[in-house]
Amino acid sequence: MDVMYGWIWRHLPGNAWVRGSISLVLALGVVYALFQYVFPWAEPLLPFNDVTVDGQ
């Protein structure tokens with residue numbers, strides 16, 4: 001895991017503050033993409049609505 005993050009960190013431009021800001025923007029972009037596209041796509045495939053308890 002350190003290899004991947006190290007590679008990203010080394011390839012970002014600027015000093016530590018700029019790299020940190022770009023990293024934050026990238027992380028927020030990933031979170032946005034997950035919530036807008038990936039999770040809604042995967043939600044029907046998950047078994048959360050398959051309830052086995054009868055409502056008596």
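Not measured: the values here are computed from a predicted model. Residue numbers count from 1 along this sequence.
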Query raised in the report: Which other residues belong to the hydrophobic cluster containing F35, where Ile, Leu, Val, Met, Phe, Trp and Tyr are joined when side-chain heavy atoms lie under 4.5 Å apart, directly or via other members?
Result: V30, V31, L34, V38, F39
**Report entry** Remaining members of the apolar cluster that contains L45, side-chain heavy atoms under 4.5 Å
**Finding:** W41
Query - W9-W17 co-clustered via ILVMFWY side chain contacts under 4.5 Å - result: no
Query - Closest non-hydrogen atom pair, R10 against R19 - result: O-NH2, 4.1 Å
Query raised in the report: Quick one: side chain to side chain contact (heavy atoms under 4.5 Å, CB included) partners of S21, sequence neighbours excluded?
Result: none
